[in-house]
Protein chains: 2
Amino acid sequence: MRSIINPSKNRFKVLLERSLRKTHSINIMCNCEVEYKGRAVSHLKMGDRVVLIKPDKTVIVHQPSGRNPVNWMPAQAHIKLEESTLKIESVNPREFMKIKFNHVHVFSSSPLKDAATLKQVGSEADMAKMIYDNPRLIGEFVPASMEEQTTYGFIDVFGRDYNNNLIIIECKRYKAGLDAVQQLRRYVEKIKKDKSKEIVTGIIAAPKITSNAKKMLEDWNFKFVKIEPPMYLVPDKELQKRLEEYET
Amino acid sequence: MRSIINPSKNRFKVLLERSLRKTHSINIMCNCEVEYKGRAVSHLKMGDRVVLIKPDKTVIVHQPSGRNPVNWMPAQAHIKLEESTLKIESVNPREFMKIKFNHVHVFSSSPLKDAATLKQVGSEADMAKMIYDNPRLIGEFVPASMEEQTTYGFIDVFGRDYNNNLIIIECKRYKAGLDAVQQLRRYVEKIKKDKSKEIVTGIIAAPKITSNAKKMLEDWNFKFVKIEPPMYLVPDKELQKRLEEYET
DNA sequence: TCGGATAGGCGCCCA
DNA sequence: TGGGCGCTTATCCGA
């Protein structure tokens, strides 16, 4: 575990090499320039950033605002330190990134251990399962299978109405757009053709749908069923109260 | 600028409060637990992580591997420190995240300043522009407009063949899949209807296309034209020149 | 704000 | 490995 403020260039190099060798997680607050070439080409001029290097060799560069990194390299890249100019170069078969450090404000590293995995509820798959287990949510629906395979994609929930006509349900955890309707349409057409059925009902199950998607849905005689994903927390009284407490 | 190894809980709290007040960028290597509730619900048990807090109040939690954060809160959230148990809670109108710190390995913060914005070449828009400026890439094509508007979406490049029939081009910077073909299909159908044209040619312009997308393309009598996005792994000098051009 | 679409998207799962 | 697709996607841009 190490943390150094304003290390000299030599010192920084030694620290970085040691931390990489020990596969520590590394955080560098610095002024730097970044160059990327591979799936696109980019250049980022001088500025202060946070550079994160993980034991798996993931490199992530964050500017002081925003949720997403401005530059990065995926895991398994090869990291090389350039002797003279205080650069690191991360390379994999299809791309590379160079970081040129002008000044290191803070260097810190630590041998982080983490065996935990995120437990999460509220995904589209959870939604599909909820519908499968509670077909009444859809109405006249007898579920048959989940994750039905088509060469044109996976059908979320598959079943029949009480007249034995096929029903295909596409779930969206938030708001269904044109792409969702197109997806559904692809499945419906594929199934109609493969199983030689005349009547196949397409249903979008989502908490919301965009205006245009609704229009397209109607053009194609599909249906929209408003369903909230399980555990989806809508802005509610409790949260509002909590917020008000903090707005002081 | 500050960096502290293994701060006591009280010390950590004081440091964090000061850094937040000064709107520094903050890095915390720690053992923690994370709870999230909002667009989904999640829990992450004890483990070592890197917590990044930016001046815009973005909070990002990274495990020691992988490119993506395991938990996060977008900018503009309200951050609160809980007195007794060494937690921070980040709240916005629709979600909140709690981080409970069991131990802080390293705390560091620094007033990072960064005015630079990423200059990048090789986007889909760059591709569309390239085609618009060099219609021969497509063949028999007279470009008419870029970013043509439909209620059902934006057409990348729009034009005509030598017989004055309409051509719609959908660009993809990497590999075109089923969704790309569906997108194209949506535009073609819309234009056919709106302009009462019989013949509208749909073209996918991309470096690659998936096998299934190719099949669907053929079903719909669309065409695939193999085109690389501009600046996709070109030599250094040229890149430098090109980047400079784009920066003007 | 809504709606549509891209992203160096990432990451997961399944054939 | 390729293909399809969800994601607390984020982010941008236009109406």
Side-chain angles (χ1 to χ4, degrees), chain A residues 36-42 58 60 66-75 92 94-97 118 120-128 147 149-156 170-180 182-183 186-187 208-215 229 231-233, chain B residues 36-42 58 60 66-75 92 94-97 118 120-128 147 149-156 170-180 182-183 186-187 208-215 229 231-233:
Chain A
Y36 168 81
K37 202 167 147 190
R39 287 174 284 174
V41 172
S42 75
T58 304
I60 303 171
R67 186 261 190 193
N68 282 343
V70 63
N71 280 111
W72 70 92
M73 281 290 281
N92 73 27
R94 66 168 175 171
E95 54 197 343
F96 76 85
M97 180 176 73
L118 188 73
Q120 187 163 264
V121 184
S123 68
E124 191 182 289
D126 293 328
M127 231 179 127
E147 292 274 306
Q149 305 262 345
T150 314
T151 47
Y152 280 2
F154 308 90
I155 295 169
D156 288 339
E170 174 59 35
C171 304
K172 289 295 161 196
R173 66 182 304 285
Y174 180 49
K175 190 186 282 191
L178 292 174
D179 53 340
Q182 289 280 83
Q183 205 180 331
R186 196 159 75 219
Y187 303 150
K208 294 183 184 185
I209 188 165
T210 67
S211 46
N212 289 332
K214 193 143 189 288
K215 238 178 289 170
M231 304 304 297
Y232 193 90
L233 185 75
Chain B
Y36 169 81
K37 207 167 150 191
R39 288 174 282 174
V41 173
S42 76
T58 304
I60 302 171
R67 187 262 189 193
N68 282 343
V70 63
N71 280 111
W72 69 92
M73 281 289 281
N92 73 27
R94 65 170 177 173
E95 54 197 341
F96 73 87
M97 182 176 70
L118 188 72
Q120 188 162 263
V121 183
S123 69
E124 193 181 289
D126 293 327
M127 234 180 126
E147 292 275 305
Q149 195 116 25
T150 313
T151 47
Y152 280 2
F154 303 87
I155 296 168
D156 288 339
E170 173 60 32
C171 303
K172 289 295 160 195
R173 67 180 306 285
Y174 181 49
K175 191 187 282 192
L178 292 174
D179 52 341
Q182 289 279 88
Q183 204 180 333
R186 196 159 77 219
Y187 302 150
K208 294 183 183 185
I209 187 165
T210 67
S211 47
N212 289 331
K214 192 143 190 289
K215 237 179 291 171
M231 305 306 300
Y232 201 85
L233 272 178

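Just so it is clear, the structure is predicted and the values come from calculations on it, not from any experiment.
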Counting just side-chain N and O atoms, does Asn68(A) come under 4.0 Å of either OP1 or OP2 of dT9(D)?
-> no
Looking only at atom P, what distance separates dG8(C) and dG4(D), rounded to whole Å?
-> 22 Å
Which part of the nucleic acid does Gln120(A) contact within heavy-atom distance under 4.0 Å: base, sugar-phosphate only, or nothing?
-> base
Does Val70(B) or Ala176(B) map to a spot on DNA chain D nearer the 5' end, using the closest nucleotide for each?
-> Ala176(B)
Measure the distance from OH on Tyr174(A) to C1' on dG4(C) and round it to the nearest whole Å.
-> 14 Å
Base, sugar-phosphate, or nothing for Glu170(B), non-hydrogen atoms under 4.0 angstrom?
-> sugar-phosphate
Just call it for Pro74(A): base, sugar-phosphate, or nothing, with non-hydrogen atoms closer than 4.0 Å on any strand.
-> base
Contact under 4.0 Å: Arg173(A) side-chain N or O vs dT9(D) OP1/OP2 = yes
Quick one: label Asn71(B) by what it contacts on the DNA or RNA (base, sugar-phosphate, nothing), any heavy atom closer than 4.0 Å.
-> base
Side-chain N or O of Trp72(B) less than 4.0 angstrom from OP1 or OP2 on dT9(D)?
-> no
State whether Tyr187(A) places a side-chain N or O below 4.0 Å from either non-bridging phosphate oxygen (OP1 or OP2) of dC5(D).
-> yes
Remember a base hit wins even if backbone is also touched, and classify Val121(A) as base, sugar-phosphate or nothing at under 4.0 Å, heavy atoms.
-> nothing
Do the side-chain N or O atoms of Arg39(A) get closer than 4.0 angstrom to the phosphate oxygens (OP1, OP2) of dT6(C)?
-> no
Can you check whether any acceptor in the base of dG8(C) is under 3.5 Å from a donor in the side chain of Glu95(A), or vice versa?
-> yes
N/O (side chain, Gln183(A)) to phosphate O (OP1/OP2, dG6(D)) under 4.0 Å | yes
Indicate, with a heavy-atom threshold strictly under 4.0 Å, whether Tyr36(B) touches base, sugar-phosphate, or nothing.
-> base
P spacing across the pair dT8(D) / dG4(C), given as an integer number of angstrom | 22 Å
